[in-house]
Asker: 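Next up is a structure, given as structure tokens.
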Amino acid sequence: MHHMALGVPSVKKGYETVLQRGSNPEKPKVGRDGKWQLNLYDPNFTRVELMEPKPVQKPCCSPILD
């Protein structure tokens with residue numbers, strides 16, 4: 001629940017960057033809000049989330065208002 005979220009133009013590019021730098025994170029996924037996201041963890045399990053600003057599918061729970 002507690003984490004730092006960073007808006008990025010491309011989660012795919014962020015994922016490719018962390019792979020190139022030697023990390024092995026879980027693969028990106030579409031979250032409940034319909035947006036691509038990538039969760040990254042440091043050695044203390046602090047989570048940093050990369051998320052695209054626009055949904056790519058309908059959110060599960062409620063519409064997103066712009």
Side-chain angles (χ1 to χ4, degrees):
M1 181 170 205
H2 299 288
H3 65 284
M4 180 186 321
L6 304 171
V8 296
S10 172
V11 166
K12 181 181 178 196
K13 287 184 182 180
Y15 180 66
E16 290 169 354
T17 299
V18 296
L19 288 176
Q20 290 171 356
R21 293 182 180 181
S23 186
N24 189 21
E26 59 186 52
K27 292 185 178 184
K29 61 184 178 183
V30 176
R32 294 175 54 141
D33 60 359
K35 299 176 185 179
W36 275 108
Q37 65 183 46
L38 172 63
N39 292 307
L40 304 168
Y41 298 88
D42 76 1
N44 294 320
F45 299 104
T46 300
R47 180 167 63 112
V48 174
E49 174 185 48
L50 303 183
M51 180 183 288
E52 293 182 8
K54 298 280 183 182
V56 294
Q57 68 184 37
K58 186 176 178 177
C60 73
C61 309
S62 61
I64 296 173
L65 304 175
D66 287 323

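Index from 1, following the sequence.
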Asker: Could you pull out the closest heavy-atom pair between V11 and W36, with the gap in Å?
Answerer: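 Result for this residue pair: CG2-O, 3.5 Å.
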Asker: What is the minimum heavy-atom distance between E26 and Y15, and which atoms define it?
Answerer: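 In terms of heavy atoms, the two residues are closest at O-CE1, 3.7 Å.
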Asker: Given side chains that start at C-beta, do those of M51 and D33 come closer than 4.5 Å, heavy atoms only?
Answerer: yes
Asker: As a test of understanding, state which of N39, L50, L40 forms a side-chain contact (heavy atoms from CB on, under 4.5 Å) with P25.
Answerer: L40
Asker: With no hydrogens and no angle check, is any side-chain donor or acceptor of N44 less than 3.5 Å from a backbone partner on T46?
Answerer: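 Not a single qualifying donor-acceptor pair exists.
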Asker: Linking I/L/V/M/F/W/Y whenever their side-chain heavy atoms sit closer than 4.5 Å, directly or via other members, would Y41 and V18 fall into one cluster?
Answerer: no
Asker: Check whether any side-chain heavy atom of Q37 lies under 4.5 Å from a side-chain heavy atom of K35, and answer yes or no.
Answerer: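 With C-beta onward as the side chain, the pair stays apart.
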